[in-house]
> 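First, the structure itself, so that you have it in front of you.
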Amino acid sequence: MRSHDWASSSIGPPQTWPQPLRTMVRLMLNTGHPMYIWWGPDGACLYNDAYRESIGPERHPGSLGRPAREVWEEIWPIIGPQIEQVREGRGATWHVNQLVPITRHGRREDVYWTYSYSPIDDEDAPNGIGGVLVVCTETTAQVLANQRMTAERDQLGQLFEQAPTFMTLLSGPQHRFEIANPSYLKLVNRQVVGKTLAEAMPDAVAQGYGALLDRVYETGEAYIARGAKFISQARPGLPMTERYVDFVYQPIKGADGHVTGIFVEGADVTDREVADAALRANEARYRELSHALAASNRAKDEFLATLAHELRNPLAAIRNALALQRHGRHDERILASSRDIIDRQVVQMVRLIDDLLDLSRLTRGIVELKRMPLSLIGVVQQSLETSRPVVEQAGQRLTAHLPDHDCIVDADETRLIQVLSNLISNAAKFTPRGGHVAVTLRCEGAMAALSVRDDGIGIPGDMLDRVFDMFTQVQRSHAHVGGGLGIGLTLVRQLVERHGGSVEARSEGVGQGSEFVVRLPLAELALPSPAVAQAGPAALAASGLRVLVADDNADAAASLGLLLELSHHQVRTAMNGAEAWVIAQAFEPQVMLVDIAMPGLDGHALCRQVREAAWGRGVLMIATSGWGRAEDRRLSAEAGFDHHLVKPVAYEAVDALLAAWDRGGH
């Protein structure tokens, strides 16, 4: 300032400066606080070293002595009115963190200042004010730091308010709620801010959450929980809500290290816990199903082994009987015995296969019951007649206890006889020689009860509910009569339930015998008056017919052909459909017995060709097949067959069809 040419300025050389200016310049130059002076009518500029740092090289030293408006033209709209206020005697000004942008260091900057404009008294100057003293502090760094802090606080506040997790701040040993975000308020379903935990949430205290907070407050150690149950009630009378939460209690410590509060943060994980519980339940059910499936597979394997055994037994007997016939073909006693053996064993095999087919049909729901008002006394009597040979062969006694008044049901007679016969056979199978099988019929209210009781090996308690399941057998090695596949009771249950009834197994345990009770709803209708039986003459066997047998099983074709020849028919046999067609065109048979599943030209195609021939329109066409489903019978009828017989075909059935056809005038 000493080296500056003050003579060229409006205030002149320092020797001529008035005392107030000299005094203020001395004060300004001897302080470390930034100061600035505007003196005289045009506001000549003077400033100290502390202020020089704030104005930059653009204005130092070039602004010394120059008019204020020239130096600060860029900010004059801001500071000009403030300077005029002071010069006009209207008092000093005070500004805190005022934004006054200036250009310094080559760029425009937003600069914040805290400053005052004060008058410098001079009695010779207009209004007694010679100039303006500026005392200032640049606060840019502080203002920007505060702005950043405010922005961060606002951002944190938004995160706090919008966070999907719940948050709350508790203060003091009583855990007073200072703040709580919407997620927390939604979880607890009540207003809590300003209240202590005990005041706002007594239900949480009762569930032990207050004790957990006390421990965190006393020890200063955080507490973390996962999947904790929280049961709440917004207010008395409202339903209880059960939620599951993950949370952390984080202690807040002061400068002295003591806990002053607890920050609570967590998430509502009810959906996760419910899903996990469902998953665990599904896993348990899967394990149960796996065990059940394994048991079912074992039972199925045992069933298949039993099936093989039960089929081999009659086949072995048949094979032995055939050997007897070959070696003793001139001994009528041996021939008669072997024929009886073959007949019994074929009946046994047919029964086994029929049981399997019946079970399959019942399982698929394709069995149609032929219902009619039915006497259960009659059913019992027919079942006893059917089953007595089996029971007596096992060396047992079979008795029946029938009521004075009949029990009438609306049912299929054949199927009920099948049910009762199966139960009697089952009882005989598991009863030792000398035992007793008793059948009892009684009416109980609106139900009829059929009971089959034995004094055999009994049923373990854990098997009573399972004896009707597929492939389930009880102590099969103890069976005394006839073996079996273990599906008889399954058939019984299926047939009884199809009649709207129920079946129950009872037993006091192993060695205590067993009882099976069938209950059927009584019919509302009475039995019709029995018609007088008309005894007709015995059917006369047909003879002298031309018969063609077509079957790719040579033994089946040959044996049936021999039986037909014994009945005095003219017989031709063929091993396939094409051969049968060639023979038929020359032979022009009156009757054709045709296997369906033949290679090449199958039975259906052969039948269609026969029906198209002039000689074949009146031929009696009989299908013979191992398939006996309703669908199989429909396909045979559509192909042109008159009848469909299921193998093994009883010759009596063939003979009856031929006799009926012959008597019809063909």
Side-chain angles (χ1 to χ4, degrees), residues 1-88 92-122 125-126 129-147:
M1 288 183 70
R2 284 193 183 95
S3 63
H4 184 71
D5 181 11
W6 292 100
S8 61
S9 69
S10 61
I11 59 176
Q15 297 85 344
T16 63
W17 291 354
Q19 188 59 42
L21 175 58
R22 295 168 63 89
T23 301
M24 293 308 298
V25 169
R26 180 182 294 276
L27 173 66
M28 179 181 68
L29 294 178
N30 284 284
T31 181
H33 198 86
M35 289 186 177
Y36 204 104
I37 295 174
W38 286 305
W39 186 261
D42 57 355
C45 297
L46 302 96
Y47 51 90
N48 63 2
D49 287 342
Y51 190 84
R52 181 182 65 185
E53 299 301 323
S54 298
I55 61 176
E58 289 86 352
R59 291 185 176 84
H60 175 75
S63 61
L64 283 173
R66 291 178 56 198
R69 192 180 186 99
E70 292 181 7
V71 175
W72 298 108
E73 183 176 6
E74 62 180 337
I75 60 172
W76 195 254
I78 299 174
I79 66 174
Q82 299 169 0
I83 294 171
E84 291 303 317
Q85 175 182 330
V86 175
R87 292 174 65 90
E88 291 173 359
T93 66
W94 172 249
H95 307 277
V96 178
N97 296 330
Q98 174 73 43
L99 174 60
V100 184
I102 62 173
T103 301
R104 62 184 179 185
H105 304 291
R107 66 178 182 275
R108 182 79 168 179
E109 295 183 23
D110 285 343
V111 185
Y112 293 85
W113 311 82
T114 294
Y115 61 94
S116 65
Y117 287 172
S118 304
I120 302 173
D121 295 334
D122 183 1
I129 299 173
V132 177
L133 174 65
V134 182
V135 180
C136 64
T137 300
E138 183 179 344
T139 59
T140 302
Q142 177 186 345
V143 169
L144 294 179
N146 288 338
Q147 288 178 349

> Give a yes or no on whether the backbone of Asp5 and the side-chain of Ser8 come within a donor-acceptor separation of less than 3.5 Å.
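Yes: the side chain of Ser8 pairs with the backbone of Asp5.
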
> State, with a plain yes or no, whether a side-chain heavy atom of Ile37 is found less than 4.5 Å away from one of Val132.
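Side-chain contact under 4.5 Å: no.
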
> Once rounded to the nearest 0.5 Å, what's the spacing between atom OG of Ser54 and atom OH of Tyr115?
13.5 Å

> Atom CD1 of Ile102 and atom CD of Glu74: how far apart are they, to the nearest 0.5 Å?
7.0 Å

> Quick check for you: to the nearest 0.5 Å, what is the distance between Met24 atom CE and Trp17 atom CH2?
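Result: 13.0 Å between the selected atoms.
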
> Please round to the nearest 0.5 Å and tell me the distance separating atom CG of Asn97 and atom CD of Gln142.
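These two atoms lie 5.5 Å from each other.
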
> Hey, is the main chain of Pro34 close enough, under 3.5 Å, to the side chain of Arg52 for a donor-acceptor pair?
no

> Indicate yes or no: at least one non-hydrogen side-chain atom of Ile78 is less than 4.5 angstrom from one of Pro101.
yes

> Could you walk me through whether Trp38 and Tyr47 pass the side-chain hydrogen bond (donor to acceptor under 3.5 Å, both in side chains) test, one step at a time?
CA-CA 9 Å; Trp38 286 305; Tyr47 51 90; over 6 Å; no

> Would the distance check show the side chain of Arg87 and the main-chain N or O of Gly43 forming a donor-acceptor pair, the cut-off being under 3.5 Å?
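Between the backbone of Gly43 and the side chain of Arg87 there is no qualifying donor-acceptor contact (under 3.5 Å).
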
> Nearest 0.5 Å, what's the CG-CG distance between Asp121 and Leu133?
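Output value for this atom pair is 11.5 Å.
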
> Should His4 and Pro61 count as side-chain neighbours, where that means a heavy-atom distance under 4.5 Å?
no

> When the ring planes of Tyr51 and Tyr36 are compared, do they come out parallel, tilted or perpendicular, using 30° and 60° as the limits?
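Taking Tyr36 first and then Tyr51, their aromatic rings stand perpendicular (interplane angle over 60°).
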
> Would a distance-only check, ignoring hydrogens and angles, find a side-chain to backbone donor-acceptor pair under 3.5 Å from Asn48 to Met35?
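Yes: the side chain of Asn48 pairs with the backbone of Met35.
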
> If you define the side chain from C-beta out and look only at heavy atoms, does anything of Val111 sit under 4.5 Å from Arg104?
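Of all side-chain heavy-atom pairs linking Arg104 with Val111, at least one is under 4.5 Å.
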
> Test your reading of the model: is there a side-chain donor-acceptor pair from Thr16 to the backbone of Gly12, 3.5 Å cut-off?
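Not at all, since once roles are kept as given, no pair shorter than 3.5 Å links the two residues.
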
> Answer yes or no: is there a donor N or O on one side and an acceptor on the other, between the side chain of Thr140 and the main chain of Tyr112, under 3.5 Å?
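Confirmed, Thr140 side chain pairs with Tyr112 backbone.
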
> If you take all heavy atoms of Val86 and Ser118, which pair is closest and at what distance?
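Val86 and Ser118 have their closest heavy atoms at CG1-C, 3.8 Å.
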
> Say you draw a straight line from CE of Met28 to CG of Leu21; how long is it, rounded to the nearest 0.5 Å?
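Interatomic distance, Met28 CE to Leu21 CG, rounded to 0.5 Å: 8.5 Å.
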
